[in-house]
**Q** 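This is the structure I want to talk about, given as structure tokens.
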Amino acid sequence: MKTKKMIPFLISAMIAVTPVMSVSAGTLTNSEPDGSTEVTAKIVDPGSVSYVITIPETADFGTLIQPENTDTDHYAYKDFQVEATKLNINSNQAVSVYIKDSASTDNQFYLTQKDVASDPFKISYDVYDDVVSDTNITDLTAINDDPAPGSYGYHLTTFASGTEGATQDVTLALNQNALYDQDLSAIAGDYSGTILFHSALITRTT
């Protein structure tokens, strides 16, 4: 699976450094009883704060199937991971990741029929911050069940300092019961939607 990286702006620390002079011996004599010693030090900038979070380039449900009934749920799943590829951050910092649908007006996630000029068919799907399947989906809560997401969407995960290489499991779950009793000739075609990811460098108080 192709991935792409979220790279934030760099926060640079400006530190003044006094040039270091070479050390040489001096003497005090009866004819020159006074002298001086230059006291020096050096501060090294360990590097600018930066991070890289890797997200999937695409997430494909594949071909959806119209169920014969709605007696049970008929989910299609797509799993992927979000990775803290690089975390060059301070020990009291972390990177939070948020997600939302790019075009939604109700804070939910949708696939929309493409190349249809008027009233395209839409299918909703849910997002879970876990590995989800038919065996455990009834025990888990989708993150988009939160009635009050923030301006950047739903909080997906937070990567703390020292967790470089850590991953967050994500599962998209689409209930194909939405296709039941639909006219396939009218809703056939390609569907697409876009998840917007947002990353934020935060300072932890504990």
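Values below: all heavy atoms of this structure, side chains included; hydrogens, waters and symmetry mates excluded. Residue numbers count from 1 along this sequence.
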**Q** Of all the heavy-atom pairs spanning Ser161 and Ile89, show the shortest one and how long it is.
**A**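 That closest heavy-atom pairing would be OG-O, 3.7 Å.
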
**Q** What class does the angle between the rings of Tyr98 and His155 fall in, given that below 30° is parallel, 30 to 60° is tilted and above 60° is perpendicular?
**A**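 Tyr98 and His155: perpendicular rings.
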
**Q** Which pair of heavy atoms, one from Tyr110 and one from Ser104, lies closest together, and at what distance?
**A**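 What the structure gives for the nearest pair is CE1-OG, 4.0 Å.
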
**Q** Kindly give the heavy-atom pair with the smallest separation between Leu111 and Gly193, and that separation in Å.
**A**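 Looks like CD2-N, 3.6 Å.
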
**Q** Would Asp134 and Tyr77 count as having a side-chain donor-acceptor pair, cut-off 3.5 Å?
**A**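 There is such a pair between these side chains.
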
**Q** Look at the rings of Phe109 and Tyr154 and say which category their plane angle falls in: under 30° parallel, 30 to 60° tilted, over 60° perpendicular.
**A**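 Because their plane-to-plane angle lies in the 30° to 60° range, the rings of Phe109 and Tyr154 count as tilted.
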
**Q** Please tabulate, one pair per line, all N/O donor-acceptor pairs under 3.5 Å involving side-chain atoms of residues 135-151, not counting sequence neighbours.
**A**
residue, atom, partner, partner atom, Å
Thr135, OG1, Ser133, OG, 2.8
Asn136, OD1, Ser133, N, 2.9
Asn136, ND2, Val131, O, 3.1
Asn144, OD1, Val127, N, 2.9
Asn144, ND2, Gln108, OE1, 2.7
Asn144, ND2, Asp126, OD1, 2.9
Asp146, OD1, Ala148, N, 2.9

**Q** Is a donor on one side and an acceptor on the other found under 3.5 Å between the side chain of Glu83 and the backbone of Thr54?
**A**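 Flag not set: sc Glu83 to bb Thr54 has no pair under 3.5 Å.
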
**Q** Could you state whether Val95 and Phe80 fall into the same hydrophobic cluster, counting links through intermediate Ile, Leu, Val, Met, Phe, Trp or Tyr residues with side-chain heavy atoms under 4.5 angstrom apart?
**A**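 Shared cluster, yes.
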
**Q** If we ignore hydrogens and angles and just use 3.5 Å, is the side chain of Gln168 paired with the main-chain N or O of Val82 as donor and acceptor?
**A**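 Checked: no pair found.
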
**Q** If you compare all heavy atoms of Gln113 against all heavy atoms of Ala186, which two are closest, and at what distance to 0.1 Å?
**A**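 So the two residues come closest at NE2-O, 3.1 Å.
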
**Q** Please tell me whether Leu156 and Val132 are part of a single hydrophobic cluster in this structure, the criterion being side-chain heavy atoms less than 4.5 Å apart.
**A**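 Cluster IDs for Leu156 and Val132 differ.
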
**Q** Can you give me the closest heavy-atom contact between Gln66 and Gln182, atom names plus distance?
**A**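 Closest approach of Gln66 to Gln182, heavy atoms only: NE2-O, 2.9 Å.
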
